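Notes to accompany the following structure.
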Amino acid sequence: MSAFKINPKDYHGVGIGLRSAHYQTILADRPDVPWFEALTDNYMNDGGYPLHYLEKIRAHYPITFHGVGLSLGGVDPIDLTYLKRLKALRSQFQPIHFSDHLCWTSHDGRHSNDLLPMPYTQDAVRHVSERIDQVQNSLGEQILVENVSSYLSYTMSDRTEAEFFAEVAQQADCLILCDINNIYVSAKNHGFDALDYLKAMPKARIRELHLAGYEDQGDYLLDTHGEAVHEPVWGLYERALEEYGEIPTLLEWDTNIPDFSVLMQEQSRALNYWTKKQARV
Amino acid sequence: MSNAKMITKSALASMIAVGVMAASTDAFAGKPGFEKCQGIAKAGMNDCGTSKHSCAGQAAKDGDAEEWVYVPEGTCSKIVNGKVK
Amino acid sequence: MSELSKLYATMMEAIYGETSLAASYIVPGKVLSAAAQLGIYQGSVKGGLVQALGDLFPASKGLLGEQFFDAMASRYVAINPSQSASLDHYGETFPLFMQRFEPLAELPYMPDLASLEWTWHLAFHAASTNAISPDVLTGVPLDQADQLQCILVEPIYLHRSDYPLLELRALGLMTESEVDAVDIASGGGCYVVFRDGLNTQMSQVSPPLYALLEELKKPLSFGTICAQWLSKHPDLELNVYTAELIKRSWIADFRAINN
């Protein structure tokens, strides 16, 4: 499987997740952001405003594609209509790469429209690797697979999530999108050490990092993407940059979406860690 | 020519007449284009394809498992003659 | 059935509240029981779908208030699992659900408004076609008009209602501050939802124009439609209404009819 072709000039530093609330601000102000991440599931329709704005923004910025709908870990056949539409979007917008999650979202025709955790077993490794491989073959390039936040673990799991992830990446020969906030949220919810997780990831396959804000529910942390990045996640991010090098990083904010200037503040904080790391090398 | 055929021809002729008139007065060109739009004209258009989790559906938010206890409290209080008894 | 299939089937049923068997698959946490952990997913899935309905039916939500709307939506979610990876496909049967929803019996205009909102949503995301250009229009052969099919622009949706939907929608969205009361007794009308470029719009039209639009939606030749008009409305001048269609930019083309 060939790796995707990235122009390093286009893909570095800290990008921002593109949300409809900011389309017009971005086009009017042309903020200094190296790239935007477009959520492919928002552009699966045939026409209208979202596609129009994505086209305009693409004319000025590189974009990455990020999806939530493939249900890579599921057992229903991969949705070929969805895949076809994804390919059409890809040839229209020429994204740097496409990513989805290490999870399942639907079963027997019913959808959760949510990211549900997989059991971490040998069978599951084989199963999800084959499906990632199928998608990569269909797209003709490697995809990035992202770790999700989770709130439960299964009795049948016989290995850690990080071990599972590493095995899947190896077998599927895919790349990794490592969500730092998700590692922190899951570590707190399940009581594992986030640093152990970072270290167990196959470094050479990591192509992008994600940052977002969780919400503290008292008994657990919920991954709402509705707040600023929390301090311990910034700490973990710094460790991740030390561990993996300067990996392009993406900032996500999906609920209680603030003014774009707030995202720029978060972006510049992330960029500080990034350039600090770069300066030390 | 039958009556139906005549009325069809005349219906199309009236359309062409309006179209030609509109073209000559530049009415078509005067339509507001995409760039002039006043924003996304769909209240609450959502980014639905995000990877967040939600706490909006937690049990505490609709604890009335059996009884219907809510009364509409939105702007429909401003609707007169709207209730069917 | 594989072990993975069995786990997913049980989890999906549990998420939509149909079984509690899934707890046996889950490791009880130090703080949260298996059921409580599962509850987080139930809440997240339900919350996501309720939120999506609120986004797709904003005027209905505005009229009913968040508390009523969300509670009603969560009842819909419980019996209508999502069937698509895209939340844009969720809620097509919500207006029908509202029609049968007992607590709404006293507000009969709500299902009509909701069904208008659904077509608004479809129109918003649809691929759109342009109105016929004057050049093309003048080239349509008058002598063959009766053999051709007059094609409407896309998207275009038709609604007939006993209630003033334009005013109700404006009130629900509170986009017009001057709307401070809507009198249901003022009656309904014929409504058209369409796109002007990227902008989704809605107009009230006269009943004859509406009837003509209904006919044009069918795969009939222009000649057939005109002949029918002649027998149904001998007293109404057809030319006035066909001209109106051009003025409103609702005609896309004249084409040889496909049989």
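Residue numbers begin at 1 in each chain, while the letters A, B, ... track the order of the sequences. Because the structure is a prediction, the values reported are computed rather than measured.
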*Can you tell which part of C:V50 gets under 4.5 Å to a heavy atom of chain B, answering side chain, backbone, both or neither?*
neither
*Could you tell me whether the side chains of C:Q51 and B:S54 share a donor-acceptor contact shorter than 3.5 Å?*
no
*What distance separates C:L107 CG from C:I184 CD1, expressed to the nearest 0.5 Å?*
9.0 Å
*Heavy-atom distance under 4.5 Å to chain B: side chain of C:Y41, backbone, both or neither?*
side chain
*Among C:C150, C:G223, C:A59, which has the most heavy-atom pairs under 4.5 Å with chain B?*
C:G223
*Looking at C:A73 and C:L53, what are the two nearest heavy atoms and their distance?*
CB-CD1, 3.7 Å
*Which atoms of C:L49 come close to chain B, meaning under 4.5 Å heavy atom to heavy atom: side chain ones, backbone ones, both, or neither?*
neither
*Check each atom of C:L238 against the heavy atoms of chain B and say whether the ones under 4.5 Å are side chain, backbone, both or neither.*
side chain
*Quick one: sort the C:Y163 and C:Y109 rings into parallel, tilted or perpendicular, breaks at 30° and 60°.*
perpendicular
*Toward chain B, the part of C:L148 with a non-hydrogen atom under 4.5 Å*: neither
_Donor on one side chain, acceptor on other, C:D112 and C:S161, under 3.5 Å_ = yes
_For the interface with chain B, which of C:C226, C:S186, C:G65 has the highest count of heavy-atom pairs at distances below 4.5 Å?_
C:C226
*Counting only heavy atoms closer than 4.5 Å, note whether C:Y90 contacts chain B via side chain, backbone, both or neither.*
neither
*Can you tell which part of C:P164 gets under 4.5 Å to a heavy atom of chain B, answering side chain, backbone, both or neither?*
neither
*Out of curiosity, C:K46 NZ to C:R75 CZ, how far, rounded to the nearest 0.5 Å?*
7.5 Å
*With a 4.5 Å cut-off on heavy-atom pairs, point out which of C:A227, C:G62, C:G39 contacts chain B the most.*
C:G62
*asked:* Check the orientation of C:H125 and C:H121. Use parallel for under 30°, tilted for 30 to 60°, and perpendicular for over 60°.
replied: perpendicular
